[in-house]
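Each residue takes its place number in the sequence, starting with 1. Every value quoted in this text rests on a predicted model; they were computed, and no experiment measured them.
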Amino acid sequence: MFDDYLTWKPFFDIAPMLLDDCRAVSDLHGQRFARQWGDGEIASLLMQPGVFGFCAFQTNAFFSRPLGGFVLSREAAGEAEILTIGVAEKVGRSGLGWRLMQAALREATVRGVETMFLEVEENNVAAVGLYRRLGFEQVARRPAYYAAADGTRSAALVMRRDLR
């Protein structure tokens with residue numbers, strides 16, 4: 001029984017993102033990205049036609065259901081894009097990003113999407129690896145696209161995956 005405490009790990013349910021989730025999503029976004037999207041920005045996006053998202057809530061926490069990650073996507077005219085995705089640092093590399101991306105890809109497929117796009121900072125080795133394992137391929141590079149807090153800029157990789 002004591003060994004169970006040593007090997008305890010969080011469990012997450014993936015659920016559609018709701019307007020009530022926007023504050024928690026904004027908070028996590030601010031922890032993971034140089035420019036935080038406010039809860040109003042996220043809510044405004046979520047209310048637009050074609051926008052969908054998912055949240056990963058921890059189910060085995062003691063007193064709450066903390067947000068472990070999120071993904072926000074938009075589809076139009078047979079194409080979709082990942083607008084943003086984030087996973088809490090303490091649960092990084094646990095497979096949660098994979099599960100969130102799978103949820104977004106499934107929903108895009110249900111909506112009849114033929115191609116999914118995303119942009120990722122080229123220095124984000126973990127994310128680039130995840131997207132490649134999910135079947136995304138680089139189709140373009142945008143130099144000096146992302147700005148860091150210290151003023152430096154880094155390139156974005158544009159990646160694509162065909163869903164049909």
May I ask you to say whether [X] pairs ionically with [Y], meaning some side-chain N is under 4.0 Å from a carboxylate O?
{"X": "R160", "Y": "D162", "answer": "yes"}
{"X": "E122", "Y": "R141", "answer": "yes"}
{"X": "E79", "Y": "R74", "answer": "no"}

Side chain to side chain contact (heavy atoms under 4.5 Å, CB included) between E75 and E107: does it pass, once the steps are laid out?
CA-CA 10 Å; E75 62 92 6; E107 180 64 21; over 6 Å; no
Minimum heavy-atom distance between [X] and [Y], given as atom pair plus value:
{"X": "L19", "Y": "L46", "value": "N-CD2, 3.9 Å"}
{"X": "H29", "Y": "R35", "value": "CE1-O, 3.2 Å"}
{"X": "R153", "Y": "A147", "value": "NH1-CB, 3.0 Å"}
{"X": "L28", "Y": "A88", "value": "CD1-CA, 3.7 Å"}
{"X": "S73", "Y": "I82", "value": "OG-CD1, 3.3 Å"}
{"X": "C55", "Y": "L67", "value": "CB-CD1, 3.7 Å"}

[X] [atom1] to [Y] [atom2] distance, which is reported to the nearest 0.5 Å:
{"X": "L134", "Y": "M159", "atom1": "CG", "atom2": "CE", "value": "9.5 Å"}
{"X": "E119", "Y": "T84", "atom1": "CD", "atom2": "OG1", "value": "11.0 Å"}
{"X": "D39", "Y": "D20", "atom1": "CG", "atom2": "CG", "value": "11.5 Å"}

Does R142 make a cation-pi contact with Y145 (under 6.0 Å, within 45 degrees of the axis)?
yes
Does [X] belong to the same Ile/Leu/Val/Met/Phe/Trp/Tyr cluster as [Y], with side-chain heavy atoms less than 4.5 Å apart forming each link?
{"X": "V51", "Y": "V113", "result": "no"}
{"X": "I14", "Y": "M17", "result": "no"}
{"X": "L100", "Y": "V128", "result": "yes"}
{"X": "L96", "Y": "W98", "result": "yes"}
{"X": "M47", "Y": "L83", "result": "yes"}

Please check if the number of heavy atoms outside R164 that lie under 6.0 Å from its CZ is greater than 12.
yes
More than 12 foreign heavy atoms under 6.0 Å from CD of E41: is that the case here?
yes
pair [X]-[Y]: side-chain heavy atoms closer than 4.5 Å:
{"X": "D21", "Y": "F57", "answer": "yes"}
{"X": "R32", "Y": "E89", "answer": "yes"}
{"X": "L118", "Y": "V120", "answer": "yes"}
{"X": "D13", "Y": "R65", "answer": "yes"}
{"X": "R161", "Y": "L163", "answer": "yes"}
{"X": "Y131", "Y": "E137", "answer": "no"}

Under the side chain to side chain contact (heavy atoms under 4.5 Å, CB included) rule, what do F54 and L72 come out as? Steps first, then yes or no, please.
CA-CA 7 Å; F54 295 91; L72 190 62; over 6 Å; no
Side chain to side chain contact (heavy atoms under 4.5 Å, CB included) assessment of E121 paired with F33
CA-CA 11 Å; E121 186 174 9; F33 297 98; over 6 Å; no
What residue among V25, I42, V87 forms side-chain contact (heavy atoms from CB on, under 4.5 Å) with F70?
V25
What do the steps show when you test Y146 against N124 for side chain to side chain contact (heavy atoms under 4.5 Å, CB included), and what is the final call?
CA-CA 12 Å; Y146 291 107; N124 189 339; over 6 Å; no
Looking at [X] and [Y], would you say the former's side chain and the latter's main chain have a donor-acceptor pair under 3.5 Å?
{"X": "R133", "Y": "G129", "result": "yes"}
{"X": "T109", "Y": "L105", "result": "yes"}
{"X": "S26", "Y": "W37", "result": "yes"}

Does a side chain donor of either N60 or Q58 reach within less than 3.5 Å of an acceptor in the other side chain?
yes
